[in-house]
Amino acid sequence: MATSVFARLPGFRDFPPEDFALRTHICEAWRRVSRRYGFLEYDGPPLEPMELYVQKSGGEIVDQLYSFVDKGNREVSLRPEMTPSLARILGARSRGMSKPIRWFSLPQLFRYERQQRGRLKEHFQWNVDVVGEAGLAADAEILAVAIDGLRELGLTSEDFVARVSDRGLVQMLLGTLGVPEDAVAAALAVADKLGRTPEVSVRERLVADMGFPDDLAERILEVFLAPSLEDLDAQLCSNRQVSERIESFREFLARLDAMGLGEYVEVDLKIVRGLAYYTGVVFELFDRKGELRAICGGGRYDKLLELVGGEPLPATGFGMGDVVLGELLADRGLVPTFRRELDYFVVAVSPEERPEALRIAQTLRESGKSVAYSLREQSVVKQMKAAGREGASVVLILGPDELERGCLVARDMTSGEEREVVLSDLM
RNA sequence: GUGGGCGUAGCUCAGUUGGUUAGAGCGCCGGGUUGUGGUCCCGGAGGUCGCCGGUUCAAAUCCGGUCGUCCACCCCA
């Protein structure tokens, strides 16, 4: 492929109309679902102080920031995620707002990292958050929105699944097992590996790298690999704090069942999420075939708003990117075929009819119809071909004979049927 | 960041062990058609074979570098 003088930056996308149509298709579905659940749309600046991310995300995210020093000598970064901006925006105004706050956004996000399939330097992400409600009803509502976003696009429980966990519960379980508090984060990181690394090598890592005794490593794995809450060691759950936490987690699951979404939800304590600020329920949505990376991830982050200097408010939300989702839709044949559409194409047989043709075109446009015509004087054949290419459903043909009688020919481009229309009727 | 595959027309690709002027289909433009599209027929434009360098009488083809892209690892908005 010839390299043009101005090549696109690697990891960024152009959206010619054929591709823009898919983006619109996805974004409109997201908006419809958001509004159906009573969420309001907001946005913020794509560029933020770098500090906003450094402060709460820690090392790894910072390495991937698309950041630079601006002309005012400020360290700035293109936003890698929306949640810190949301926290900042609410920090300034949440005190005066009625709770819970239900907001959504469709920001374009950036990261500086080598691209791969499903992972570019830029993507659009649907962000939905409930702020100011600590109960798990909010978490259930959030997950329901995420699931419905995918259903709205034609995906079913055969196509995707939501794996849910409770980071707080997992921490309690690890604590009960005797994992020291400062080792919990590392243990969670190891759990994250269990999805794609053989169990044996994960156990080895727990023992060799982290210095856990064999039997503790074994019991940690049992927790993460439990196929359901019922399979957790009964002795572990006899701890009152733990059993209460499990009970509320069950309530969360029961709510999703009641909403008719049970078939989309599976408990999986290996789900921990990479970001440091999650505190409770966390979830990720995956394609059932397991061919793609996570389509969506989210969870509860009760400390973040306070951390960014706002009112201490509990919050829960998710982010869903357009790239992986687009691949899944393509794989399942759910990408609508792009076609041009036009209500009318006006054909002037000779230049003499042009003024009348323009008048008709404008009148139709004023009434809300989409109308086009040839911008050059062309033969009727060429004008007809153009009408076909542009997807006109009706072609209005103005010739000297018809005009003299105050009418024109309307040709239905699907059936090929033609009929005479009196000009005054059309207006 | 590390390792590997790939890079020929707008798109999908073909191109013999290195050998004249690099091809096809689709698309695009024009004509058949100065009052009727889609189909069909005819014609045309479009490529410094990603880029730079090397080997050779001769390079799309072999070698090196570089850029892009894809895959794996790392990790994950």
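Just so it is clear: chains get the letters A, B, ... in the order the sequence lines come, proteins before strands, and each one is counted from 1. Keep in mind it's a predicted model, so treat the numbers as computed, not measured.
- Taking atom P on both nucleotides, B/G27 is separated from B/A22 by 25 Å, rounded to a whole Å.
- A/Asp287 pairs with exactly one of A/Leu328, A/Asp331, A/Val324, A/Leu325 by the side chain to side chain contact (heavy atoms under 4.5 Å, CB included) rule, that one being A/Leu328.
- In the set B/C75, B/A77, B/G35, the nucleotide with an atom closest to the side chain of A/Leu109 is B/A77.
- Separation of the C1' atoms belonging to B/A24 and B/G35 is 38 Å when rounded to the nearest angstrom.
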Using the 3.5 Å cut-off, write out each protein N or O paired with an N or O of nucleotides 26-33 of chain B and the distance between them.
unit_1	atom_1	unit_2	atom_2	d
B/G30	OP1	A/Lys382	NZ	2.9
B/G31	OP2	A/Lys382	NZ	3.0

Quiz item: Given pairs defined as Watson-Crick or G-U wobble with both distances under 3.5 Å, what dot-bracket annotation applies to RNA chain B, with ( ) intrastrand, [ ] crossing, | other strand and . unpaired?
Solution: (((((((..((((.....[...)))).(((((.......))))).....(((((..]....))))))))))))....

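- Salt-bridge annotation for A/Arg31 and A/Glu41: present, with a side-chain N of the basic residue lying under 4.0 Å from a carboxylate O of the acidic one.
- For the C1' atom pair drawn from B/G47 and B/C11, the interatomic distance equals 14 Å after rounding to whole Å.
- In this structure, the side chain to side chain donor-acceptor pair (under 3.5 Å) partners of A/Asp70, at least two apart in sequence or on a different chain, are A/Arg74.
- Judged by atom type and distance alone, A/Gln383 does not reach the base of B/U36 through any side-chain donor-acceptor pair under 3.5 Å.
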Quiz item: Given A/Arg111 and A/Glu81, is the salt bridge (charged side-chain N to carboxylate O under 4.0 Å, His left out) satisfied, shown in steps?
Solution: CA-CA 9 Å; A/Arg111 71 153 113 222; A/Glu81 54 166 335; over 6 Å; no

Under 3.5 Å, side-chain donor or acceptor atoms of residues 334-348 of chain A against the rest of the protein: list the pairs with distances, not counting sequence neighbours.
unit_1	atom_1	unit_2	atom_2	d
A/Asp343	OD2	A/Ser370	N	2.9
A/Asp343	OD2	A/Ser370	OG	3.3

Produce the list of close N/O pairs, under 3.5 Å, pairing protein atoms with atoms of nucleotides 70-73 of chain B; give distances to one decimal.
unit_1	atom_1	unit_2	atom_2	d
B/C70	OP2	A/Gln115	OE1	3.0
B/C71	OP2	A/Arg117	N	2.6
B/C73	N4	A/Gln116	NE2	3.3

Which side-chain N or O atoms in residues 146-158 of chain A pair as donor and acceptor under 3.5 Å with protein atoms at least two apart or in another chain?
unit_1	atom_1	unit_2	atom_2	d
A/Asp148	OD1	A/Arg151	NE	3.0
A/Asp148	OD1	A/Arg151	NH2	3.0
A/Asp148	OD2	A/Tyr37	OH	2.5
A/Glu152	OE1	A/Arg36	NH1	3.0
A/Glu152	OE1	A/Arg36	NH2	3.1
A/Glu152	OE2	A/Arg32	NE	2.7
A/Glu152	OE2	A/Arg32	NH2	3.2
A/Glu152	OE2	A/Arg36	NH2	3.1
A/Thr156	OG1	A/Glu158	N	3.1
A/Thr156	OG1	A/Asp159	OD2	3.3
A/Ser157	OG	A/Glu263	OE1	3.1

